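So that the names make sense, note that chain A is the first sequence line, chain B the second, and so on, each numbered from 1. Not measured: the values here are computed from a predicted model.
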2 protein chains.
Amino acid sequence: MLKQPASAANGSTAAPSQGAEVQPLYKGRATLGMVAQRAGVSPSTVSRILNGTAKVSEDKQTLVRQVIEELGFRPDPTARSLAGGRTMSIGVLTQYIDSPFYGEALRGIEDVLHQAEYAPLFVSGHWNQEEERSRLGLLQDRKVDGIIVLTGKLADQTLVDMANQLPVVVTGRQLSAPNLFSIDFDNIEGAGLAVKHLHALGHQNVAFISGPLDHPDAEQRLMGYRAELARRDMPSDDALVVYSDFQESGGFRAMNQLLESRVNFSAVIAANDQMAYGARLALHRAGLRVPDDISLVGFDDLPHSAFTLPPLTTVRQSVYEIGASAAKAMIDLLSKKTPSTILIEAEIIVRESSRIFRR
Amino acid sequence: MLKQPASAANGSTAAPSQGAEVQPLYKGRATLGMVAQRAGVSPSTVSRILNGTAKVSEDKQTLVRQVIEELGFRPDPTARSLAGGRTMSIGVLTQYIDSPFYGEALRGIEDVLHQAEYAPLFVSGHWNQEEERSRLGLLQDRKVDGIIVLTGKLADQTLVDMANQLPVVVTGRQLSAPNLFSIDFDNIEGAGLAVKHLHALGHQNVAFISGPLDHPDAEQRLMGYRAELARRDMPSDDALVVYSDFQESGGFRAMNQLLESRVNFSAVIAANDQMAYGARLALHRAGLRVPDDISLVGFDDLPHSAFTLPPLTTVRQSVYEIGASAAKAMIDLLSKKTPSTILIEAEIIVRESSRIFRR
DNA sequence: TTGTAGGCGTTATCAA
DNA sequence: TTGATAACGCCTACAA
């Protein structure tokens, strides 16, 4: 009954085989108890083998594993979590599930977590502190084993408190607390790189299209721009900075605003590529050529940026790596190891939208 | 021992109330049992109130709800699922978590599901049947209440079989089976629209940059192009079609291939916007102007497309709506209602990359 | 309308 | 090394 000849098992010769062996992938039936019974051991033994919680004799090991194979048994995460407390899932708070910027980070997280047999549970906060809190609540309810927060607007203290309950990894800030690990984006450095690049090309008057200031990335990038300007004694006129929303349409409007203000500039940095795209079109509509009349630099190096007209000079940092590192850090935290600090540096990708200044 | 006087149970009159009321959002302690005890009713009663499983007297209702409030009780989804079988979560199989095309669908799904108090569990199949199957297994293990499949490469039969176990909603195909609902993209129509548009502008020789043919969306779009060509007696030369990978770089290469082949064409349709971007750059490198020399039409209307140079004429279908509809259909299926068939039509967005043909 | 008892599939604690 | 025996937090007959 237990071991049938292959012919019977695969049913290729006999009547349509039924039961265990052919169960389609998506029918997860067998329980730990059934495995135990069929193997003639106690449930605890099976559990131990599964989790390596204690030594089990060789023979029983192999026997049980074999039965597990036969039955296609897969432990029920739900039950596991109720009993043991761990769900093998990690909450990930992002802002928009379809963000072109953070999307890559999600992929990094997913890849790394999957290897470690954890599953990510993605929720979106929409850059709204209230929502972020409520989604965090949802994650807690679902008993995630840890939480990764991609930037957002939560108070630092909220995160630190949360780290009392479970491991937390957060991007976009520099925080230090027990059970909490943070990975900052290289925004300040990155914006500095853009300024440096333009300065090297001879530009002095560099305008900046900023993101919304209540947005951490935006704030940091603006800060980086200002700092580098100061460091190089470049003119830092308030009129050189306009504020927008990180969208293409916003970049378009911001550029027009800059143009109308009649402030003098020979180059523009947009705080993200999307706004750079919009700005580029506005420039075109105004009869200005890029880079001949105005140099343009973006930030993020979205996949499209290598193919715009002209291809966009931009600041790049591997968001995928940041996501992956966040996930690795989480795994470390879960195993009580101290995550190693990795620095993911920004770099400037020089393409054709920026050129040497000529008056 | 079990039923203590209220005063002892809630301790409100005694020492400074501790715990419960001030517990921070992220500390989910109280259990259903505690609520019951404190309200002086049985656990089942509380459960009934929570689920509306049976009639409960008004007074107990309000009393219990009040206690729930006080304790900040939130039912444990894990326990709930173990006992009742429902996890209030829906598995969503997408292909790449950061896909610019499907991303919007994810947002639609998330929004609708959240309103209905369901949580999405996103997994990625990477356009690989094996992976898709394995991720589906993961979803089953996690006991999701239903599964939404965004296109992908699974066999229809696999989905139909799966629908025996739990409700399934799938996009990108036309399938009819019990407990299964499908929403097709308007790919064929959409591609037809692009051809029609160019034809109306006087173009006769229209090239096509296709996606990879093992990709359902790609196949359907090519089919739509061919069908419309035939319908209008336009030349349908095999050399007019080149195959690529849905990426910008692929579009670039494809365009060069087209150019090198010396086939005669005055307009090009790219099977998605990303390839259109690449193609547009290749055209520029070759000294060809868009739309003066060549008209270019994309597909998807990504956010960037309104801001490219020139702004791209493209086919649009609301992927957000498709996601949202899929989620709604899932909710319907879960409540044993028959989802209503909604048609989300494609439309052509005419911008500046296409113009009247002149020889 | 309400309460009691048993069970969902695992893990954890004790003995043996 | 192994096996009973409780939990884990909730739902659901079954009974009252």
Side-chain angles (χ1 to χ4, degrees), chain A residues 27-65 67-68 71-89 117 140-145, chain B residues 1-4 27-65 67-68 71-89 117 140-145 165-166:
Chain A
K27 179 163 187 175
R29 293 275 36 197
T31 75
L32 183 146
M34 296 165 65
V35 173
Q37 184 175 331
R38 180 133 168 193
V41 301
S42 81
S44 345
T45 302
V46 178
S47 175
R48 286 181 185 110
I49 294 180
L50 251 35
N51 305 291
T53 322
K55 284 234 142 71
V56 175
S57 67
E58 273 304 327
D59 44 334
K60 298 208 171 178
Q61 287 250 12
T62 52
L63 173 58
V64 168
R65 287 195 195 289
V67 174
I68 287 180
L71 262 41
F73 164 73
R74 317 179 53 168
D76 178 344
T78 338
R80 217 167 202 179
S81 118
L82 224 210
R86 44 203 335 51
T87 54
M88 295 306 279
S89 67
E117 308 233 47
Q140 299 269 154
D141 287 350
R142 303 248 164 191
K143 292 246 175 34
V144 294
D145 295 339
Chain B
M1 192 71 189
L2 197 90
K3 282 205 155 192
Q4 306 174 336
K27 180 163 188 174
R29 294 277 29 202
T31 76
L32 183 147
M34 297 165 66
V35 172
Q37 183 175 333
R38 179 133 166 192
V41 301
S42 82
S44 9
T45 301
V46 179
S47 173
R48 288 179 184 108
I49 294 180
L50 250 38
N51 304 294
T53 321
K55 285 236 142 67
V56 175
S57 68
E58 273 302 328
D59 45 333
K60 298 208 169 173
Q61 288 249 11
T62 52
L63 172 58
V64 168
R65 287 194 193 289
V67 174
I68 287 180
L71 261 42
F73 164 74
R74 317 180 53 168
D76 178 344
T78 337
R80 214 169 206 181
S81 118
L82 224 209
R86 45 199 338 50
T87 52
M88 295 305 280
S89 66
E117 308 233 47
Q140 300 267 157
D141 287 350
R142 302 249 165 193
K143 293 244 176 30
V144 294
D145 295 340
Q165 312 293 137
L166 36 62

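For Phe73(B) against Thr31(B), the heavy-atom pair with the smallest separation is CE1-C, 3.5 Å. Considering all non-hydrogen atoms of both residues, Lys60(A) and Val41(A) come closest at CD-CG1, 4.0 Å. The minimum heavy-atom distance linking Ala39(A) with Leu63(A) is given by the pair O-CD2, 3.4 Å. Pairing each heavy atom of Ala36(B) with each of Ser42(B), the nearest pair is CB-C, 3.7 Å.
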Q.
Evaluate Ile68(A) against Leu50(A) for side-chain contact (heavy atoms from CB on, under 4.5 Å), listing each step before the verdict.
A. CA-CA 10 Å; Ile68(A) 287 180; Leu50(A) 251 35; 3.6 Å; yes
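Of all nucleotides in DNA chain D, those with any atom nearer than 4.0 Å to a heavy atom of chain B start and finish, going 5' to 3', at dG9(D) to dA13(D).
In this structure Asp145(A) satisfies the salt bridge (Lys or Arg N to Asp or Glu O under 4.0 Å) test with no other residue, sequence neighbours excluded. Residues that satisfy the side-chain contact (heavy atoms from CB on, under 4.5 Å) test with Pro77(A), not counting sequence neighbours, are Asp141(B).
Here dT1(C) presents its C1' atom at 13 Å from CD of Glu58(B), a figure rounded to the nearest Å.
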(Q) Return a single string for nucleotides 6-16 of chain C, one symbol per nucleotide in 5' to 3' order, where B is base contact, S is sugar-phosphate-only contact and - is none, cutoff 4.0 angstrom on heavy atoms. (A) -BBBBSBB---
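Atoms CZ and OG1, from Arg65(A) and Thr62(A) in turn, are 9.0 Å apart once rounded to the nearest 0.5 Å. With rounding to the nearest 0.5 angstrom, the CZ atom of Arg48(A) is 12.0 Å from the CD atom of Gln61(A).
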Considering only distance and modelled atom types, tabulate donor-acceptor pairs under 3.5 Å from the side chains of residues 78-86 of chain B, sequence neighbours left out.
{"from": "Thr78(B)", "atom 1": "OG1", "to": "Asp76(B)", "atom 2": "OD1", "distance (Å)": "2.6"}
{"from": "Arg80(B)", "atom 1": "NH2", "to": "Asn51(B)", "atom 2": "OD1", "distance (Å)": "3.2"}

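When the C1' atoms of four end pairs are superposed on the next four at each end of the helix from dT1(C)-dA16(D) to dA16(C)-dT1(D), using five pairs per end, the two resulting axes differ in direction by 40°, to 10°.
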